[in-house]
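The structure appears right after this line, and notes come after that.
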Amino acid sequence: MVLALTLIRESVRDMRQPVVSELVQKGKDPYLVLISCLLSLRTKDATTREAQRRLFDEASTPEEMVTLPKEKIEQLIYPVGFYRNKAVVIKEVSKELISKYNGSVPDDIDTLLTLKGVGRKTANLVVTMGYDKPGICVDTHVHRISNRLGFVCTKDPEGTEMALRERLPPDHWKEINDLLVTWGQNVCGPISPFCSRCPVSHLCEKKGVTVHR
DNA sequence: AAAACGGGGGC
DNA sequence: GCCCCAGTTTT
């Protein structure tokens with residue numbers, strides 16, 4: 001499994017990196033990581049890119065965010081999916097951060113999970129990307145590829161998270177999401193993966209098949 | 001035109 | 001565990 005990840009890392013090197021990488025390079029602000037996650041929920045990474053830039057241009061702290069009217073946030077993040085609901089959630093979370101956590105973002109998974117709109121994927125990403133603490137972020141790319149390559153065999157993403165936590169050495173945890181998202185977008189997609197350009201297709205248990213959809 | 005896409009929450 | 005949520009993208 002680690003060998004497979006090493007080979008994947010090699011071929012991912014020159015690919016366009018996902019949005020989260022940009023945030024990391026911009027100083028790993030946990031608040032931006034969090035809001036970026038909420039914005040990306042159930043919508044493709046590429047389509048949230050511009051919306052993210054527009055939103056953060058107007059507000060990049062909880063204090064700035066709560067001053068924006070709901071309609072303004074909606075307008076800024078359009079046309080990402082669920083934009084109406086997301087505007088509400090983003091504002092509520094920002095309020096909650098101010099009233100309960102002095103405007104800062106909690107740094108442990110259990111506390112993060114109590115926030116509105118925050119589930120395991122978001123909580124893990126904030127902790128690993130924002131605070132450089134151990135966590136495994138399982139989105140559909142990580143889930144699908146882990147199952148297709150036979151790293152794990154579980155129906156639900158939480159099972160994948162737990163299994164990876166046990167089987168994968170901690171020094172790979174921080175990278176796993178970034179790596180497999182890029183991999184999933186460019187090679188190992190959900191519908192018709194490009195197995196011909198995959199360096200680990202020889203050890204893939206479910207080459208070419210659609211997994212868990 | 002229709003199906004695919006992608007996390008969280010409520011039941 | 002099942003089903004819904006809304007809107008864009010892909011087929």
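Lettering of chains follows the sequences in order, A, B, ..., and the numbering in each one begins at 1.
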- Side-chain heavy-atom pair A:Thr122, A:Val33 within 4.5 angstrom cut-off: no
[atom1]-based separation of [M] from [N] [nearest Å]:
| N | M | atom1 | value |
| --- | --- | --- | --- |
| C:dA6 | B:dA1 | P | 22 Å |
| C:dG1 | B:dG6 | P | 23 Å |
| C:dT8 | B:dG9 | P | 23 Å |

- Query: In Watson-Crick or G-U wobble terms, both distances under 3.5 Å, what is the partner of B:dG6?
  - Reply: none
Between atom [atom1] in [X] and atom [atom2] in [N], what is the gap in whole Å?
| X | N | atom1 | atom2 | result |
| --- | --- | --- | --- | --- |
| A:Leu115 | B:dG7 | CG | P | 18 Å |
| A:Glu92 | B:dG9 | CD | P | 12 Å |
| A:Lys116 | B:dG7 | NZ | C1' | 14 Å |
| A:Asp156 | C:dC3 | CG | P | 16 Å |
| A:Leu113 | B:dG9 | CG | P | 8 Å |
| A:Arg144 | B:dG7 | CZ | C1' | 15 Å |
| A:Ile109 | B:dG8 | CD1 | P | 12 Å |
| A:His141 | B:dA4 | NE2 | C1' | 13 Å |

- Item | Under 4.0 angstrom between A:Thr122 side-chain N/O and B:dG8 OP1 or OP2 | yes
- Message: Does a side-chain N or O of A:Thr140 approach OP1 or OP2 of B:dG7 to a distance below 4.0 Å, or not?
- Response: yes
- Item | Non-neighbouring partners of A:Glu175 that pass salt bridge (Lys or Arg N to Asp or Glu O under 4.0 Å), sequence neighbours left out |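 If we apply the salt bridge (Lys or Arg N to Asp or Glu O under 4.0 Å) test to A:Glu175, skipping adjacent residues, the hits are A:Arg9.
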- Message: My understanding is that a hydrophobic cluster links ILVMFWY residues whose side chain heavy atoms are under 4.5 Å apart, including indirect links. Using that, what else belongs to the cluster containing A:Met162?
- Response: none
- Query: What one-letter contact string describes nucleotides 6-11 of chain C from 5' to 3', where B marks a base within less than 4.0 Å of any protein heavy atom, S marks contact via sugar-phosphate atoms alone, and - marks no contact?
  - Reply: BSSSS-
- Query: In terms of hydrophobic clustering (I, L, V, M, F, W, Y; side-chain heavy atoms under 4.5 Å; direct or indirect links), are A:Trp173 and A:Leu180 co-clustered?
  - Reply: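 In one cluster: yes.
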- Message: When you group the ILVMFWY residues by side-chain heavy-atom contacts below 4.5 Å and let the links chain together, are A:Val88 and A:Ile35 in the same group?
- Response: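 No, no single cluster joins them.
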- Message: Between A:Tyr31 and A:Ser94, do the side chains contain a donor N or O and an acceptor N or O under 3.5 Å apart?
- Response: yes
- Item | Short N-O contact, A:Lys95 and A:Glu92, less than 4.0 angstrom |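 Salt bridge flag = no for A:Glu92 with A:Lys95.
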